[in-house]
Structures are given as C-alpha cells and as structure tokens.
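Structure first, then comments.
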Amino acid sequence: MWLLFCSSAFIASLGASWQINSQFNFAYSSWYDRLDIKEHILTFAPQNRFNKQHFASTDKKQHVALFQQVVRAINNDGKGLENIRFTSQGKITRLFTHDEVGHLNDVANVVNAFLQTALIASAISVLLAMLYISKRLPVPSTKLKIICLATVVIAVVMTFVLVGFKRLFKLMHDVVFADGYPWFFYYQDSLMSTFMKAPDLFASIAVNLVVVAIAVFSVYCALVFAIQRRFSTSH
C-alpha cells in the first residue's frame, strides 16, 4: 500500500511539476546560455533547406518568446502551432513545417494523456492518504524508505549510464510516436530541432521535471504523515 501511495503521489507530482515548469517556460532562458543554443542556431540556421536561413539573425529574446508560444500551444492541445511566426530582416516567416507541426501535435496529445493520468494518480494518492490518516496505518521505517529510494535512483542512473540518453530518447520516440508524424529531423531541415537544440534541451527539461517533482512529492508526503501523526496523537 505504501508503494502504491508513493507511486501515485510521484506521478501526480510529475504532473504538478509539468504545470509549474510551464509557468516558468521550463527555464529555457537559463538553459539557452548553458547549452550554447545561440551558437547552435548560428551554426545550423544558415544551412536550413526550407529557405529559412534568416532565422540566424534572430536574437535570444525572440527565441525565448517563440519557445513560450510552443509551450502554450502544447498545453492547449496543439492549437496555434501552425500560426507561430518569427520576424527577421523585415520578413515574417512561419516557424514550423507541416511535419514539425504534426509532430508537436503528437507531443501535445502525449502531454494531455499524461496530465490526465497524473490527475487520476492524484485522486488515488489522496484517497490512500486519507486511509493512512483515518486508519492510523503504520508507515515503513526510515531505513526501508532509504533502501527503496536508493534502489529506484540506482536503477534509473544505471539505465542512463548503460543505455545512454540519446539511445533512450530514440527508443521512447519510436514507441510513443510509432503511428504518428515523423519525429526525427536533421538540424538543417528543422528550426524546431535547431532552436531547441534537440535532444540536449529535452534532457535538461527532464532534469527540471524530476527535480521539481521530487520537491513537490517530498512536501506532500511530509504534510500527509505530519497530519497522520497529529491525528494519531489527538485520538
């Protein structure tokens, strides 16, 4: 029961983390500098094969604004993706190709399904929390909690070390987007991949999501078990 509570609570925390990160544009502005995205754009935008080479003349402020529009559209079932434009050298140009819009719509569908799952997980975790509190059920020892946490962390880290992020990235896309639009784009064919510096930025976003989710999860669990202790003491 404790494992079910923790699993549902963490999935719910990931959903909350997505919403929180969305409000802060997934720290794109900070990762932009750390990942040298400007240099990446200057390298590959001039090579664009869809007559969008002038994207190289755009600045960080516009890149941040464009990414924010993408995040907003993905959180709104993909609506508006085809209308995103950038301005450079007096030209207003559509940012994404047809296939890029299709892929981002696939992403929006996955995100929507995940957030619905997180909502269900939230309900399950709240019900289990109420059960823990009302029935004053015992909680595993700190030692057992640490062992469980360490096992999960080691398993995740070893998976990334042995398989590699890029290979996992490709595998997940092959599975999730098997029947959707193409998801792999060369930098020369895609401003989406260029100004997001895929997959480096996505690895950074994953870090954002997990770190915030752990914080939310920790606060939630501490609150539940604090209430349980107070309830037990008063009864």
Side-chain angles (χ1 to χ4, degrees), residues 11 14-15 17-19 21-22 25-28 31-32 34-41 43-53 55-56 58 63-86 93-118 156 159-210 213:
I11 293 171
L14 280 171
S17 177
W18 178 275
Q19 300 289 6
N21 273 284
S22 293
N25 208 25
F26 289 90
Y28 178 79
W31 289 119
Y32 184 96
R34 292 178 181 275
L35 298 175
D36 292 324
I37 291 179
K38 178 61 178 178
E39 187 65 31
H40 189 74
I41 291 171
T43 300
F44 290 101
Q47 303 177 40
N48 187 272
R49 290 189 276 251
F50 289 95
N51 197 29
K52 299 179 182 181
Q53 297 89 345
F55 187 75
T58 54
H63 301 154
V64 172
L66 288 170
F67 187 79
Q68 192 166 38
Q69 290 180 62
V70 173
V71 171
R72 190 180 301 120
I74 286 176
N75 285 330
N76 192 32
D77 298 322
K79 295 175 183 175
L81 285 167
E82 68 281 356
N83 298 322
I84 298 177
R85 304 283 195 275
F86 69 91
T93 308
R94 183 176 173 177
L95 182 62
F96 299 131
T97 64
H98 174 76
D99 282 346
E100 289 174 296
V101 171
H103 171 60
L104 288 171
N105 271 308
D106 287 342
V107 172
N109 291 334
V110 171
V111 169
N112 191 41
F114 165 69
L115 292 177
Q116 289 181 7
T117 301
V156 171
T159 299
F160 277 99
V161 169
L162 295 175
V163 180
F165 177 78
K166 288 188 177 180
R167 192 177 296 177
L168 282 173
F169 178 79
K170 181 181 183 302
L171 178 62
M172 287 188 292
H173 277 66
D174 284 338
V175 172
V176 175
F177 302 116
D179 299 321
Y181 282 84
W183 63 264
F184 178 82
F185 301 90
Y186 289 103
Y187 294 131
Q188 293 87 345
D189 295 327
S190 169
L191 291 184
M192 176 186 70
S193 293
T194 299
F195 97 101
M196 294 186 193
K197 199 180 181 181
D200 296 14
L201 179 65
F202 303 144
S204 302
I205 287 175
V207 171
N208 289 353
L209 287 171
V210 171

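The model shown is predicted, which means the values in this text are computed figures rather than measured ones. Scope of the values below: all heavy atoms of this structure, side chains included, with no hydrogens, waters or symmetry mates.
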Over 12 non-hydrogen atoms of neighbours within 6.0 angstrom of CZ in Phe202
yes
Distance from Thr117 atom OG1 to Leu14 atom CG, nearest 0.5 Å?
11.5 Å
Do Arg85 and Leu95 come within less than 4.5 Å of each other through their side chains, counting heavy atoms only?
no
Using every non-hydrogen atom in the two residues, find where Asn208 and Phe26 come nearest and quote the distance to one decimal.
ND2-O, 2.9 Å
Would you name the heavy atoms of Ala56 and Ala45 that are closest together and state the gap between them?
N-CB, 3.7 Å
Under 3.5 Å donor-acceptor, Gln53 side chain and Gln47 backbone:
no
Going by salt bridge (Lys or Arg N to Asp or Glu O under 4.0 Å), name the residues that satisfy it together with Asp189, two or more places apart in sequence or in a different chain.
Arg49
Derivation and outcome, side chain to side chain contact (heavy atoms under 4.5 Å, CB included), residues His98 and Glu82
CA-CA 8 Å; His98 174 76; Glu82 68 281 356; over 6 Å; no
Could you work out, with side-chain contact (heavy atoms from CB on, under 4.5 Å) as the rule, every residue matching Asn75, not counting sequence neighbours?
Trp18, Ser22, Val71, Val111
What distance do Met196 atom CE and Phe67 atom CZ have between them, rounded to the nearest 0.5 Å?
5.5 Å
Asn76 (side chain) donor-acceptor with Arg72 (main chain) under 3.5 angstrom:
no
For the pair Lys52 (side chain) and Arg94 (backbone), establish whether a donor and an acceptor sit closer than 3.5 Å, ignoring hydrogens and angles.
yes
Side-chain donor/acceptor of Asn25 to backbone N/O of Ala27, under 3.5 Å
no
Starting from the C-alpha separation in whole Å, work towards a yes-or-no answer on side chain to side chain contact (heavy atoms under 4.5 Å, CB included) for Phe50 and Thr93.
CA-CA 11 Å; Phe50 289 95; Thr93 308; over 6 Å; no
For Gln19, what residues pass the side-chain contact (heavy atoms from CB on, under 4.5 Å) criterion, not counting sequence neighbours?
Leu115
Applying side chain to side chain contact (heavy atoms under 4.5 Å, CB included), run through Leu171 and Arg167 and close with a yes or a no.
CA-CA 6 Å; Leu171 178 62; Arg167 192 177 296 177; 5.7 Å; no
Any residue meeting side-chain contact (heavy atoms from CB on, under 4.5 Å) with Ser204, in chain and number order, not counting sequence neighbours
Trp31, Leu35
Kindly give the heavy-atom pair with the smallest separation between Lys197 and Ile37, and that separation in Å.
CB-CG1, 4.1 Å
Heavy-atom side-chain proximity of Tyr28 to Leu201 below 4.5 angstrom:
yes
Pair up each side-chain donor or acceptor in residues 99-108 with any protein partner under 3.5 Å, not counting sequence neighbours, and list the distances.
from	atom 1	to	atom 2	distance (Å)
Glu100	OE1	Thr97	N	2.7
Glu100	OE1	Thr97	OG1	3.1
Glu100	OE2	Ser190	OG	2.5
Glu100	OE2	Leu191	N	3.4
Glu100	OE2	Met192	N	3.1
Asn105	ND2	Val101	O	3.1
Asp106	OD2	Tyr181	N	2.8

Who passes side-chain contact (heavy atoms from CB on, under 4.5 Å) against Thr159, sequence neighbours left out?
Val163, Leu168
Students often mix this up, so state it plainly: with edges at 30° and 60°, are the rings of Tyr187 and His40 parallel, tilted or perpendicular?
perpendicular
Check whether any side-chain heavy atom of Tyr186 sits under 4.5 Å from a side-chain heavy atom of Phe44, and report yes or no.
no
So, do Phe55 and Asn48 sit near enough that their side-chain heavy atoms are less than 4.5 Å apart?
no
Using the rule given for side chain to side chain contact (heavy atoms under 4.5 Å, CB included), can you reason through Phe185 versus Thr194, listing the C-alpha separation, both sets of side-chain angles and the distance that settles it, and then say yes or no?
CA-CA 9 Å; Phe185 301 90; Thr194 299; over 6 Å; no
